[in-house]
Number of protein chains: 2
Amino acid sequence: MTSDPACTELPSAARGGPVSHAVSRVARLHRIAAGKLLKGAGLYPGQEFLMMYLWDAGAVRQSEVIKAVDLDPSTVTKMLQRLEQSGHVRRSPDPADRRAVLVEATDNSCALLSDVERAWTSLEEHTLAGLDTGERKELARLLARVEENLCRETADCPENR
Amino acid sequence: MTSDPACTELPSAARGGPVSHAVSRVARLHRIAAGKLLKGAGLYPGQEFLMMYLWDAGAVRQSEVIKAVDLDPSTVTKMLQRLEQSGHVRRSPDPADRRAVLVEATDNSCALLSDVERAWTSLEEHTLAGLDTGERKELARLLARVEENLCRETADCPENR
DNA sequence: GCGCATTACTTGGCCGACCAAGGTAAAGTT
DNA sequence: AACTTTACCTTGGTCGGCCAAGTAATGCGC
């Protein structure tokens, strides 16, 4: 009676893929939680990854960003336009290649780094609450396996580094 | 050297939340994979859940759908409008309550049920390839725990059934 | 040097998903 | 019966994300 996993009864058409269903639900909840924590920093869910990369990488070509976050180029373009408008990012033409665009986190945005770091570890703790170290490691391991699986044949992960 | 989990180096700002990062990546890859499998059935990623519920539930109020898939009402409205346009769903005013709308999967869409079922189990297999039964059960268990955690305080799961 | 493929981004369109606000109808209160 | 609250959806706007197609510059082969 009270034994169903979490919140929802599984639709019968999804019986063949309970884990997939769980992944979808967890993904959405996780994204929402991340969004709430990141809202304080003025970031929308998804933008964190881009900024995290830029904070590490410094001034860099947009193509590098695209490779790093592994999103559609058009997605990155639009995200960067918005991040530029909101003052988190500076873009400038690459003098060495007139097609390319150099991207860089603004000094302003760097002030958010620690906020985002805190938010991210807080999210992790919220996500993994009640799991001991062994379980966390196991979950990380299993997710890594799953990620590998999903990369294969989907051909979304660069085979060539 | 070749020991990093999957495809990507973790940004330093995300060091405090490796599992969260993995969840995000897996979520996106999983959604993409689902989308590819479901494209054959004429469904966009996300619509599966709605249709799965309707196939089980028959003619039902829109508010029931909203509760079941646990999405924003406005999201459901728009999805249903599109699903109606594409012929997967029929909507009609509820004679018993003039605010409400009754929703129902069309006969046409029911023909897709088996396709979606197959797609979903195929997705599951693709996702969990190489994991033995114990690992699968463990992953399911851990995901359920995580889901519980994310429901708390986010107050997105109905406390009240 | 010239043409052609490749690379690098942009634009437009579409969908899922959110929030904020609005409008209507039912239910509850007095 | 009139008023207020609550439930049920819709509309409009914004974002992340995808695809398809387009533009512009570079690089490569010849």
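Just so it is clear: chains get the letters A, B, ... in the order the sequence lines come, proteins before strands, and each one is counted from 1.
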Could you check how far [atom1] of [X] sits from [atom2] of [N], rounded to whole Å?
{"X": "Q81(B)", "N": "dC15(C)", "atom1": "CD", "atom2": "P", "answer": "11 Å"}
{"X": "R99(A)", "N": "dT7(C)", "atom1": "CZ", "atom2": "C1'", "answer": "5 Å"}
{"X": "K78(B)", "N": "dC14(C)", "atom1": "NZ", "atom2": "P", "answer": "15 Å"}
{"X": "K39(B)", "N": "dC15(C)", "atom1": "NZ", "atom2": "P", "answer": "15 Å"}
{"X": "Q62(B)", "N": "dT10(D)", "atom1": "CD", "atom2": "C1'", "answer": "9 Å"}
{"X": "L50(B)", "N": "dC15(C)", "atom1": "CG", "atom2": "C1'", "answer": "13 Å"}
{"X": "E84(B)", "N": "dC9(D)", "atom1": "CD", "atom2": "P", "answer": "14 Å"}
{"X": "R98(A)", "N": "dC9(C)", "atom1": "CZ", "atom2": "P", "answer": "15 Å"}

Need one value for [X]: base, sugar-phosphate or nothing, where a base atom within 4.0 Å counts as base even if backbone is also close, heavy atoms only.
{"X": "L71(A)", "result": "sugar-phosphate"}
{"X": "D72(B)", "result": "base"}
{"X": "S63(B)", "result": "sugar-phosphate"}

Looking only at atom types and distance, does a side-chain atom of [X] sit under 3.5 Å from a main-chain N or O of [Y], one as donor and one as acceptor?
{"X": "R25(A)", "Y": "A144(B)", "answer": "no"}
{"X": "T121(A)", "Y": "G17(B)", "answer": "no"}
{"X": "R91(B)", "Y": "V101(B)", "answer": "no"}

* **Most 5' of D97(A) and A100(B) on DNA chain D, judged by nearest nucleotide** => A100(B)
* To do: Let me know, please, whether V101(B) or P95(A) comes out on the 5' side of the other along DNA chain D by nearest nucleotide.
  =>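 Upstream on the strand: V101(B).
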* Selected nucleotide, minimal atom distance to R61(B) side chain, candidates dT10(D), dG16(C), dC8(D) ->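 Nearest to the side chain of R61(B) among the choices is dC8(D).
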* To do: Looking only at side-chain atoms of R82(A), point me to the closest of dG16(C), dC18(C), dG16(D).
  => dG16(D)
Verify the contact: side-chain N or O of [X] to OP1 or OP2 of [N], cut-off strictly under 4.0 Å; return yes or no.
{"X": "Q47(B)", "N": "dG16(C)", "result": "yes"}
{"X": "R28(B)", "N": "dG16(C)", "result": "no"}
{"X": "T77(A)", "N": "dT10(C)", "result": "yes"}

* Polar side chain donor-acceptor pair, T127(B) to N149(A), under 3.5 angstrom -> no
* Regarding Q47(B) and R82(B), is there a side-chain donor-to-acceptor distance under 3.5 Å anywhere? -> no
* To do: Confirm from the modelled atom types if S74(B) and dC19(C) form a donor-acceptor pair under 3.5 Å, side chain to base only.
  =>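 Answer is yes: a donor-acceptor pair is held.
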